[in-house]
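Notes for the one structure printed next.
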Amino acid sequence: MSAPSSPNASPPVSHGLNLAQQEAVNYMHGPCLVLAGAGSGKTRVITHKIGRLIQAGLAPQKIAAITFTNKAAAEMRERAKGLIGKAAKDVVVCTFHALGVRMLRQDGAVLGLKPQFSILDSDDVTSILKDAGGSTDAATARQWQWTISGWKSAGLNAEQALAQAADDNERITAIVMARYEERLTAYQSVDFDDLISLPLKLLRDHESVRQKWQGMMGHVLVDEYQDTNATQYEVLKLLVGGNPADGARFTAVGDDDQSIYGWRGATLDNLKKLPVDFPALKVIKLEQNYRSTSAILRAANNVIGPNPKLFPKNLWSDLGEGEPVRVVDADNEEHEAERAVARIQSLRAEGALLQEGKQYKEFRDFAVLYRANHQAKPFEKALRKAGIPYKVSGGQSFFDRAEIRDLCAWFRLWANNDDDPAFLRAVTTPKRGIGHQTLGTLGVFASQYKLSLFESLFSNSLGSVLAAKAVGSLHEFGRYVNDLEYRARHTEGAEAAKIFMMDWLKDIGYEKHLLDGEDSDKVAAAKWSNVLEFCDWMALRCGGQLDDVAGITEREVKSLLEVAQTIALLSTISEREKDQDVVTLSTLHASKGLEWPHVLLVGVTEGMLPFKLNDGADSLGGSEKAHESANEDLAQRLQEERRLMYVGITRAQRSLAVSWTRRRKKGREMVAALPSRFIAEMGLDKATVREDPREKLKALRAEFAQKALSSAAAAAQIR
């Protein structure tokens, strides 16, 4: 496609965009920050800009669009395909972590990583940390994991963390981190934080690698930019060229008012740094909201108002005033859940929010949002009692199920024989007569000779520490894994992959293993059903019928071994989530990026939203400096909680109800509660803020009963 004659000419791909969106799409000559308010069409801008870049002559494979979730990447890929056509398949659309995997598979050798390295999941990390720290306590290991993850997100290694450790706990954690890093190197494995920190090391310390990747990146688009951490920002800077004078080619799209991931390393400093590091930065604000009514947006703007602004903006909508935002009070959580159900029933009964020919009365049109997972329980009970179907969003990941983790361990071992955690799971699942004593001796032997467990199987010296029968069993397992690896490498396409996996599962007796391990045949059958679904999904990926998570599009058909290497990147099988007609229950964090016609924002009390702000500076003794630091931390936490409330409000399209309870559970006790300060900050019209949905529903039922009586009387007269 040839470039347009004038750089300012409005290309076909920008039709249907408002002026601010068009400006963002057409600006291609340097760094650009698009401040996209909630519901302002940011994904539309990104996909149209991809089309505009291709139209201007940039090769699709030189465009990278980086998102934060696999689901967002899949949606963007789909929308780009719809807008641009076939060229979209060559655009790199993936998460930051998937891009990191690509870089490390291609160039990790300079860091001592072989291309088939393993990606450890959270449970593997906890297990290795327990070993590294000499602890059997999972809670302690998880605390280490949390701290180490924070250090890695900030770009620190074990040595740097030890140098700046503030107390004995941090010093111990830094020592554990050093041992943990040694083990990862030995296992040829990385954790999720390494998928960002190691690519940074690649780009920063190896000029030839940096030049290669900068040459491959003609334009980088970053979605949800406000959620980036310090390491991700450094990776971005090096990818697009650190010198601001060269007109670094990137578009960052984000919203400082929706930054709600500070607890996992996201920092608004990255927004502050952009205009400093890139003085030529073009800032474009998207303030027209296409999602919510004016009443909802006014409440959102009022709530976020007290927060300090990096780039002030004010959302507006031309969807009309709409229903007033309601505030519902309740005696306790059970009462609150009953009122929520009554509201759902009354809105479905009256269909009063008719717009654009739609009634918004289906169950899928409703969402109940809350601050923490434990708040879902009373709402689940009330919905079940009323016979209303629902789903709990952000529940157990498909990949967290034991049966799926079992299969993934086998796949990881095929791809990387040095992956000791995968070896231990595969060799014992299903059991094959290799006991814990044998494995313990093998582990000591492997450590002594600095070998992986798999390498140790074939050592000539192994017979000196293990009986011939045990060595024979280990040899048999090793040969079997090598055979599976060879076959998986040469098994391509969906049909061949499905046959291979079913034969393998039959060979190891996995269905029988599930039946033997469960008291209930029904539970075992459900687990086997999950296994079959997983195999179908793997086969479709081998056949190129589903997008690859790492955005790899060079080959339509892939080998089973290639697909196995990307498994650890997936937190959920998004293809499984069909659009069911059910009410959604979700945490506020999990709701980000989603929207519903009717939203019920529940549990909006002090202590829940905002969450536990009173355990900060008040409880501190110590110096004035310590108090200042605590107060500053408190202020930042309050600002993030306010942004969380803002995210909740802006999920609503047509109606919003905010509820709070006079008493709430705290542990086993019931304590008095107050409405959240955020309810007052919404600045609602006092005449419209109180509602009892049960009374409304009662009135509607009476009205329907009266109509039915009238109809019956009229029919009797006709007869």
Side-chain angles (χ1 to χ4, degrees), residues 118-128 130-131 136-139 141-142 392 395-417 419-443 453-454 457 469-470 472-481 483-485 487-488 497-539 560 564 567-568 570-573 576:
S118 294
I119 303 163
L120 299 179
D121 63 30
S122 185
D123 279 8
D124 291 324
V125 171
T126 306
S127 172
I128 295 168
K130 277 162 54 174
D131 177 51
T136 55
D137 182 39
R142 279 194 295 273
V392 181
Q396 186 190 35
S397 159
F398 193 76
F399 279 85
D400 286 339
R401 298 175 192 274
E403 61 273 22
I404 305 305
R405 287 168 55 76
D406 287 345
L407 305 195
C408 288
W410 280 86
F411 291 146
R412 278 168 43 191
L413 188 59
W414 303 346
N416 172 17
N417 294 159
D419 187 337
D420 281 4
F423 174 92
L424 288 169
R425 189 161 189 136
V427 78
T428 54
T429 314
K431 288 186 168 53
R432 54 195 316 115
I434 298 172
H436 288 295
Q437 280 190 320
T438 298
L439 291 172
T441 305
L442 182 69
L453 292 171
F454 192 83
L457 297 189
K469 186 181 177 187
S473 297
L474 288 169
H475 279 177
E476 185 186 347
F477 176 71
R479 283 192 292 270
Y480 184 51
V481 169
D483 179 53
L484 288 170
E485 178 194 336
R487 285 163 53 202
K498 183 72 186 289
I499 292 168
F500 175 98
M501 285 185 284
M502 296 316 295
D503 286 348
W504 162 59
L505 289 171
K506 189 177 177 184
D507 200 23
I508 64 173
Y510 193 75
E511 187 176 11
K512 183 177 184 302
H513 162 76
L514 291 177
L515 282 164
D516 291 346
E518 292 295 339
D519 295 332
S520 159
D521 287 352
K522 192 176 175 184
V523 171
K527 288 190 169 191
W528 179 244
S529 174
N530 287 335
V531 167
L532 296 178
E533 187 175 355
F534 178 70
C535 291
D536 285 341
W537 176 84
M538 288 286 290
L560 186 56
I567 287 174
L570 291 161
S571 57
T572 183
I573 298 182
R576 296 177 74 250

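Computed from heavy atoms alone, side chains included, the values below leave out hydrogens, waters and symmetry copies.
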Among V531, L532, D507, find the one that has a side-chain contact (heavy atoms from CB on, under 4.5 Å) with M502.
->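 Among the candidates, only L532 passes.
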So do the side chains of [X] and [Y] get within less than 4.5 Å of each other, counting heavy atoms only?
X	Y	value
W504	Y510	no
L439	T428	yes
R432	Y480	yes
D419	F454	no
V481	V427	no

Mind telling me whether W414 and F411 have parallel, tilted or perpendicular rings, with 30° and 60° as the class edges?
->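 Answer is perpendicular, since the angle exceeds 60°.
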Looking only at heavy atoms, what is the nearest atom pair of [X] and [Y], with distance?
X	Y	result
L457	G478	CD1-CA, 3.6 Å
R401	N530	CD-ND2, 3.5 Å
A426	A409	N-CB, 4.4 Å

First locate atom [atom1] of [X], then atom [atom2] of [Y], and finally report the distance between them rounded to the nearest 0.5 Å.
X	Y	atom1	atom2	result
L413	F477	CG	CZ	5.5 Å
T126	R142	OG1	CZ	6.5 Å
R425	D406	CZ	CG	4.5 Å
I404	K527	CD1	NZ	10.0 Å
C535	M538	SG	CE	8.0 Å
E403	S529	CD	OG	9.5 Å

Does the pair N417 and E485 meet the rule for a side-chain contact (heavy atoms from CB on, under 4.5 Å), with working shown?
-> CA-CA 10 Å; N417 294 159; E485 178 194 336; 3.6 Å; yes
Any Lys/Arg nitrogen of R487 or D483 sitting under 4.0 Å from an Asp/Glu carboxylate oxygen of the other?
->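 Salt bridge between R487 and D483, a charged N being under 4.0 Å from a carboxylate O: yes.
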Side-chain ion pair, R412 and D124, N-O less than 4.0 Å =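 Answer for the salt bridge query: yes.
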Within 6.0 Å of CG in D521, more than 12 heavy atoms from elsewhere |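 Incorrect, the count does not exceed 12.
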So, does W410 use its side chain to make a donor-acceptor pair with the main chain of T429 at under 3.5 Å?
->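 Such a contact is found between W410 side chain and T429 backbone.
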Check: Q437 main-chain N/O paired with T441 side-chain donor or acceptor under 3.5 Å |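 Flag set: sc T441 to bb Q437 pair under 3.5 Å.
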